[in-house]
Peer 1: 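Here you go, one structure.
Throughout, protein chains are lettered first and strands after them, A, B, ... in sequence-line order, and every chain is numbered starting at 1. None of the values given here were measured: they were computed from a predicted structure.
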Amino acid sequence: MLDKQKELELQKLAKMIRLETMKAIGKRGFGHVGGSMSIVEVLAVLYGAQMNIKPEEPNWVDRDWFVLSKGHSGPALYATLALKGYFNIEELDTLNLPGTNLPSHCDRNKTIGIDMSTGSLGQGISTAIGIAMGNKMDGRNSFTYLILGDGESQEGQVWEGALFAAHHRVGNLIAFIDYNKKQLDGYTKDICDLGDIVKKFEDFNWHTQLVDGHDIKKIFNAIENAKLVKDKPSMIVLDTVKGKGCSFAESILFNHHMRFTQDQVSDAIGIMEKELEKGEDQ
Amino acid sequence: MNIVFAKENISEPVNMKDIYCKTIQEAMEENGNVVALDADLMNSIGLLSVQKAFPERTINCGIQEANMVGVAAGLSATGKIPFASTFATFASRRAYDQLFISAGFAKLNIRLIGSDPGIFAAFNGGTHMSFEDIGILRNVPDITIIEPVDSVMLRDILKQLVSLCGVFYVRLIRQGTVKIYEEGSAFEIGKAVRIREGKDITIIASGIGVADSLEACKQLSEKGISARVLNMFTIKPIDKEAIIQSANDTGAIVTVENHNIINGLGSAVAEVLAENAPVPMERVGVNDVYGEVGSVEYLKKRFELTPEDIVKKSELVLSRKKSFTSI
């Protein structure tokens with residue numbers, strides 16, 4: 001159960017993740033804005049409440065694992081990890097600088113707290129399945145969480161994984177699709193329509209839910225439901241907005257990867273800071 | 001390294017796939033972290049018996065090589081030691097990005113077995129005939145590429161791979177091959193084996209080319225040509241020292257591979273020679289064409305991989321050696 005106090009805490013965490021992500025990307029003047037902004041709520045719920053983790057012991061063998069298959073949203077995950085104490089928050093300033101430990105796409109060998117390298121879309125589902133199965137083989141009760149992109153779900157490997165995970169009853173895998181309905185070249189329905197993605201995963205024999213991907217409580221409850229399902233992998237489709245909360249990105253079609261001015265960044269940060277000060281329900 | 005050469009290079013009575021499965025099963029008995037994966041070819045490679053013994057640790061992924069390689073990579077992140085097998089074509093072509101990124105770039109720990117390499121795809125024909133697997137995979141940084149020549153080497157290499165960490169690709173002929181080594185031989189990955197001494201020319205071979213090279217040496221001997229043979233069973237990292245030593249000692253090199261002459265063993269040797277000991281060199285291999293159906297014997301002739309082809313190339317390089325050394 002998510003009490004009101006905790007819900008407010010997680011909403012605040014989400015706002016902080018959004019702000020820190022914006023600051024980090026903002027410093028470079030370019031980056032994967034849209035898809036980073038759309039996942040901050042789910043990251044807040046996972047790292048703020050649902051995941052069993054120890055930031056001081058990132059390789060703790062009994063931890064819950066996390067694979068950000070849409071690896072280009074690394075900046076949002078880095079902000080989350082920094083806020084949770086995996087590394088110093090100042091390090092976010094080094095995003096994409098030469099020799100950085102925070103590259104645009106997640107790298108398990110560079111960043112503390114990153115469980116799997118991703119970036120070539122479609123691959124995270126397979127590695128997440130392998131992690132989940134490996135942990136199950138060793139009798140651990142941990143969960144493996146996975147975030148896929150909706151555009152990413154055009155990749156055939158996603159469906160290989162979907163078939164496999166259901167067949168092998170990988171019940172300790174809880175996946176999300178960041179259903180923000182856009183990809184680099186425009187709306188997913190115009191590029192390669194996914195149709196009813198919820199029904200597709202149902203038909204692939206996953207336990208499937210659809211929730212507002214910016215509603216902390218709904219995300220939390222969906223994960224609670226998923227955790228009870230032992231004999232099927234779980235898919236939570238997050239109905240999201242690409243670029244959510246970023247004033248120069250949210251209403252733009254082509255907001256997958258953007259170049260922007262420092263004025264735009266300052267405005268966006270100003271709005272996010274005001275949101276943070278509010279401290280009210282979204 | 002401890003090498004015991006076979007007294008006679010005869011056909012082995014045992015199938016390589018049986019040695020593979022036996023060794024994997026033993027490894028599973030000794031080490032609870034060893035896991036075997038396959039992509040709907042368990043009946044072909046013989047893993048069904050392993051699956052019976054260890055159902056929890058033998059995973060048939062179905063016809064999904066890309067997912068299989070990714071799952072293997074994920075398993076290795078939790079400490080498992082995966083051996084993932086499929087045909088060499090699918091291992092290298094279909095699952096390349098997965099091997100490159102999920103295993104290689106991520107610095108994880110997987111052994112990918114590519115069976116039926118080159119002409120051993122036989123009657124499966126051109127779509128299944130991998131003349132390019134080594135060429136493709138050589139570009140994965142830090143990968144180790146091994147082509148075991150017989151059952152003794154295969155067994156030794158597989159056992160070593162259990163305790164090593166990295167990305168490994170192993171070519172596997174499923175049927176019996178020609179005996180080169182005796183039981184008790186132990187190999188050092190990355191070090192070529194000099195299996196025949198000679199002073200006029202060095203033949204550097206891997207896989208089935210080793211036995212054919214030894215046969216070619218008999219014919220060369222009758223012509224008064226003394227040929228050295230190196231079994232370069234590790235194509236990457238290649239044994240540079242052995243190549244340079246032989247180039248300096250014999251002054252002429254021929255490479256022999258069941259693979260396209262582009263980017264396989266021949267190319268790897270040429271890279272070393274060009275930068276260190278630029279002696280004349282010829283490559284025996286598939287001349288950048290697609291495969292086709294046929295028996296192994298027919299395909300050897302079709303793609304000019306026979307002992308006679310090795311002799312021809314040896315004589316050619318020796319004629320170039322003469323003009324080279326007279327400059």
Peer 1: Checking A:K232 against A:W206: charged group under 6.0 Å from the ring centre and within 45 degrees of the axis?
Peer 2: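 No cation-pi geometry.
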
Peer 1: With sequence neighbours left out, write down each residue that passes side chain to side chain donor-acceptor pair (under 3.5 Å) with A:K242, or none if nothing qualifies.
Peer 2: A:H256

Peer 1: I'd like to know if B:R138 pairs up with B:E271 as an ion pair, taking the criterion as any Lys NZ or Arg NE/NH1/NH2 lying under 4.0 Å from an Asp or Glu carboxylate oxygen.
Peer 2: yes

Peer 1: Pick one of side chain, backbone, both or neither for B:Q98, based on which atoms fall under 4.5 Å of a heavy atom in chain A.
Peer 2: both

Peer 1: Relative to chain A, which segment of B:I63 carries a heavy atom at a distance below 4.5 Å: side chain, backbone, both, or neither?
Peer 2: neither

Peer 1: Using heavy-atom distances under 4.5 Å, tell me whether A:M116 contacts chain B through its side chain, its backbone, both, or neither.
Peer 2: side chain

Peer 1: Ring centroids only, cut at 6.0 angstrom: are A:F201 and A:W159 within range, meaning strictly under it?
Peer 2: yes

Peer 1: Between chain B and each of A:D115, A:L163, A:N135, A:V158, count heavy-atom pairs under 4.5 Å; write down the option with the most.
Peer 2: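 It is A:N135.
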
Peer 1: Let me know if B:K107 has heavy atoms under 4.5 Å from chain A in its side chain, its backbone, both or neither.
Peer 2: both

Peer 1: Just by modelled atom types, is the B:S44 backbone N or O under 3.5 Å from a matching donor or acceptor in the B:R174 side chain?
Peer 2: yes

Peer 1: Would you mind checking which part of B:V35 comes under 4.5 Å of any heavy atom in chain A, side chain (CB onward), backbone (N, CA, C, O), both or neither?
Peer 2: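 Side chain only.
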
Peer 1: Return the option, out of B:G62, B:S102, B:A73, with the maximum number of heavy-atom pairs under 4.5 Å with chain A.
Peer 2: B:S102

Peer 1: Pick from B:L75, B:L108, B:N33: which one has the most heavy-atom pairs with chain A under 4.5 Å?
Peer 2: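 Answer, by heavy-atom pair count under 4.5 Å with chain A: B:L75.
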
Peer 1: Taking NZ, NE, NH1 and NH2 as the nitrogens, is one of them in B:E257 or B:R171 under 4.0 Å from a carboxylate oxygen of the other?
Peer 2: no

Peer 1: Where does A:H167 contact chain B at under 4.5 Å (heavy atoms): side chain, backbone, both or neither?
Peer 2: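 When you check distances to chain B, no heavy atom of A:H167 falls under 4.5 Å.
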
Peer 1: Which of the residues A:G134, A:G124, A:G122 is involved in the greatest number of heavy-atom pairs with chain B at under 4.5 angstrom?
Peer 2: A:G134

Peer 1: A cation-pi test, strictly: NZ or CZ of A:R28 under 6.0 Å from the centre of the six-membered ring of A:F30 and no more than 45 degrees from its axis. Yes or no?
Peer 2: no

